[in-house]
Amino acid sequence: MTTTASRATGAAEGFKPWTRPEMAARLAKDIPEGWCVNLGIGIPLLVSNFVKGREVIFHSENGIVGMGGLQKPEELEPWLVNAGKQNVNLVTGASIVHHADSFAMIRGGHIDLCVLGAFEVAENGDFANWTTSLTDGVPAVGGAMDLAVGAKRLWVIMDHTSKDGRPKLLERCALPLTALKAVSRVYTNFAVIDVGPQGFEVIDMAPGLSMEALEAQTGAKLKRKAA
Amino acid sequence: MVVGKAAIRCFGVAEASISDSIAAARVQGHPVQGRKQEIMIDKRVTSIADAMKGIKDGSTVLFGGFGAVGHPGQLIDGLIEHGAKDLTLVGNNAGSGRVEPLVRLLATGRVRKIICSFPRSAGSVVFDEMHKSGKLELELVPQGTLAERIRAAGAGVPAFYTPTAYGTALGEGKEVREFNGRMYLLEHAIRADVALVEAWQADRWGNLTYKLSGRNFNPIMATAAELTIVQAQHIVELGALGPEHIHTPGVYVNRVVHVPYGDPAPALVTTA
C-alpha cells in the first residue's frame with residue numbers, strides 16, 4: 001500500500017494503467033450481443049460508446065428500455081433524460097415504462113447486466129457505493145441497491161485505488177454496504193478481476209504490470225484465474 | 001347498469017350539441033357555463049386554486065417527476081398558495097437551487113418529512129440546510145422500493161418482500177424473511193392523501209398520457225392517493241386518446257387542470 005500519487009498512477013511500477021475509455025472498452029468487449037444492460041452514472045456510462053455495431057439494449061432506471069447516446073444540441077428533446085438527468089436519445093425499437101415497471105424489470109431478473117461504480121469491493125462480492133458516511137452530510141441512494149440485487153450479474157468499473165492511493169479491493173468493506181455478495185467482476189485501471197468462490201481471481205492486467213505490483217495495490221489476496 | 005346507461009345517453013347529448021367555439025374553449029381547459037350539468041363526468045377544474053381545495057394539514061403528498069422531467073411544479077406552487085402544513089412529501093428528489101417550487105415549499109417550513117431516494121442532487125442546498133438543522137425529517141428509500149411501495153398502495157397490497165437493502169443500513173429494523181434460500185425485507189405500502197401528477201394529455205374523464213421520460217413516477221402515484229390532482233399540458237376531447245394509448249385511465253384521477261407550461265429545462269451535456 002502506498003500513498004504517493006505517482007505510484008497510484010502506476011508510473012513507479014513502469015506500467016501504463018488503462019484510461020477510463022480503455023476500461024470501458026475492455027468491459028464492453030465482454031458484453032454479448034442481445035444483452036439488456038443498465039449502466040450506472042459516471043464511468044459506467046462510457047461503456048455505451050464501445051458497443052457500436054452490436055445490438056445491446058441499454059436500460060435506464062427511470063423507465064427507458066433502448067437508450068441511445070447523449071443528445072447533441074441540434075437534436076434537443078428535453079423530455080428524455082437518463083438516470084443522471086442528462087438528455088439522451090432513444091434507439092429504434094425503444095420503449096418507455098413507468099418507475100415501478102422499470103424496477104420490476106430490474107428486480108425480476110430481466111436485466112442481464114448492471115455496471116456500477118464503487119468506493120469499495122470485498123473479496124466475497126460485498127460492495128459499497130452509495131455513501132461514505134451515515135452521519136455526515138445527506139446520504140442519497142437512488143437505484144443502486146435495487147440494481148445490485150436485481151440484475152442477473154453486477155460488474156463494477158472503478159479505479160483500482162482511491163485518489164489518495166488506498167486499495168479499493170479489500171477483504172471486507174469498511175464503508176456502508178450497498179449489497180451483500182453481489183459483485184461478480186471488477187474492471188479497474190490496473191486489472192480485470194473476477195469475484196470467485198475463494199475470492200479475487202485476476203483475468204487480465206494492464207500491459208507491463210506484474211502480479212506482485214498488483215497485489216501491492218490490493219487489500220486482499222489475489223490469484224490468477226485458471227484458463 | 002342504469003347509471004352507466006344514463007351516463008352514456010347524457011354524454012351523447014352533450015357531445016352532439018357542442019359547437020366549435022365551445023369545443024375550442026374546452027381545449028383551453030375552461031368548462032363552459034351552462035353545459036357542465038349535462039356532463040356526468042368532468043374532472044376539469046379551471047384554476048390551480050380549485051385543484052388544491054380540501055387538502056388538509058398533516059397530509060401525505062406524492063409528487064411525480066425524475067428531476068425536472070414530469071414534475072408538477074405548478075401544482076406544488078399551488079400547494080404553497082393553499083397553505084397546508086405539517087406535510088409529508090413523497091417523491092424521488094428533494095429539489096435543487098432556491099427558486100424551484102419544491103424547494104420553496106420546503107423553505108416555508110410546512111413540510112415535516114420527505115420520503116425520497118435521491119435528496120442529494122447538485123445544488124440541493126435548501127434540503128441540506130433544513131435537514132441538518134433538524135427542521136426536516138428524511139426517510140431514505142431505495143428507488144425501486146420507493147416505486148413499489150407506491151405501486152403496492154395503488155394495487156391494494158399493504159406490504160411486500162424485496163431483497164433490496166437486505167444487510168445494509170437501510171434495511172435495519174425491518175422484518176426479514178427467507179424465501180427459497182434468499183433473504184428479503186418486508187416493506188410497507190405508501191398510501192397517500194394527495195397525489196400531484198404531471199401529464200402530457202388529459203381528457204375530461206381524467207384519462208392521461210405522459211410524454212417520454214416524463215412518465216416516471218406519475219402513473220403509479222396517480223393510483224395511490226385519496227385525491228389525485230393532475231396538471232396537464234394539453235386538454236383533449238373525450239375520445240381523442242386511443243384506448244390502447246391511455247397510460248392512466250381516468251378512474252384513478254379526481255381533478256385535472258390545464259397547465260401549458262412548455263418544456264422542462266434542458267439538461268444537455270455534450271461530454272460524459
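Not measured: the values here are computed from a predicted model. Convention: sequence-line order gives letters A, B, ...; per-chain numbering from 1.
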Legend entry - Residue among B:Ala152, B:Ala265, B:Pro163, B:Cys116 with most heavy-atom pairs under 4.5 Å to chain A: B:Pro163

Inset, instruction - Mind telling me whether A:His99 and B:Phe66 have parallel, tilted or perpendicular rings, with 30° and 60° as the class edges? - result: tilted

Inset, instruction - Check the surroundings of atom CZ in B:Arg112: do more than 12 heavy atoms from other residues, nucleotides or ligands lie under 6.0 Å from it? - result: yes

Legend entry - CD (A:Glu55) with more than 12 external heavy atoms under 6.0 Å: no

Legend entry - Closest-packed option against chain A by number of heavy-atom pairs under 4.5 Å, given B:Ala169, B:Ala147, B:Gly144: B:Gly144

Inset, instruction - Please test A:His98 against B:Tyr210 for ring pair (Phe, Tyr, Trp, His ring centres under 6.0 Å), starting from the C-alpha separation and ending with a verdict. - result: CA-CA 10 Å; A:His98 64 59; B:Tyr210 306 94; 9.1 Å; no

Inset, instruction - May I ask you to name which of B:Thr164, B:Asn218, B:Asn92 has the most heavy-atom pairs under 4.5 Å with chain A? - result: B:Thr164

Legend entry - Side chain / backbone / both / neither for A:Leu147 at chain B, heavy atoms under 4.5 Å: neither

Legend entry - Contacting region of A:Ser102 [heavy-atom separation from chain B under 4.5 Å]: neither

Inset, instruction - Would you mind checking which part of B:Leu138 comes under 4.5 Å of any heavy atom in chain A, side chain (CB onward), backbone (N, CA, C, O), both or neither? - result: side chain

Legend entry - Side chain proximity check, A:Leu76 to B:Asp263, heavy atoms < 4.5 angstrom: no

Legend entry - Side chain proximity check, A:Phe103 to B:Gln143, heavy atoms < 4.5 angstrom: yes

Inset, instruction - Kindly give the heavy-atom pair with the smallest separation between A:Lys85 and B:Gly67, and that separation in Å. - result: CE-N, 3.4 Å

Inset, instruction - Could you tell me which portion of A:Leu134 (side chain, backbone, both or neither) has an atom closer than 4.5 angstrom to a non-hydrogen atom of chain B? - result: side chain

Legend entry - Shortest non-hydrogen contact between B:Val141 and A:Val141, atoms and distance: O-CG1, 3.8 Å

Legend entry - Inter-residue atom distance B:Phe160.CZ - A:Arg107.CZ, 0.5 Å rounding: 6.5 Å

Inset, instruction - To the nearest 0.5 Å, tell me how far B:Thr168 OG1 sits from A:Asp126 CG. - result: 11.0 Å

Legend entry - Exercise: identify the closest heavy-atom pair between B:Gly70 and A:Trp79: N-CZ3, 4.1 Å

Inset, instruction - Give, as side chain, backbone, both or neither, the part of B:Arg182 having an atom under 4.5 angstrom from any heavy atom of chain A. - result: side chain

Inset, instruction - Mind ranking A:Leu177, A:Leu180, A:Val88, A:Val81 by heavy-atom pairs under 4.5 Å with chain B and telling me who comes out on top? - result: A:Val81

Legend entry - Nearest-0.5 Å distance that lies between atom CG in B:Leu170 and atom CE in A:Met145: 4.0 Å

Legend entry - Minimal non-hydrogen separation, B:Leu140 against A:Trp130, with atom names: CD2-CZ3, 3.5 Å

Legend entry - Within 6.0 angstrom of B:Tyr252 OH, more than 12 heavy atoms from elsewhere: no

Legend entry - Contact class of B:Lys211 relative to chain A, heavy atoms under 4.5 angstrom: both

Legend entry - Backbone N/O of B:Thr145 and side chain of A:Asp146: donor-acceptor pair under 3.5 Å: yes

Legend entry - More than 12 heavy atoms from other groups under 6.0 Å of NZ on B:Lys113: yes

Inset, instruction - Name the option with the most non-hydrogen atom pairs under 4.5 Å to chain A; the candidates are B:Met183, B:Arg215, B:His247, B:Arg151. - result: B:Arg215

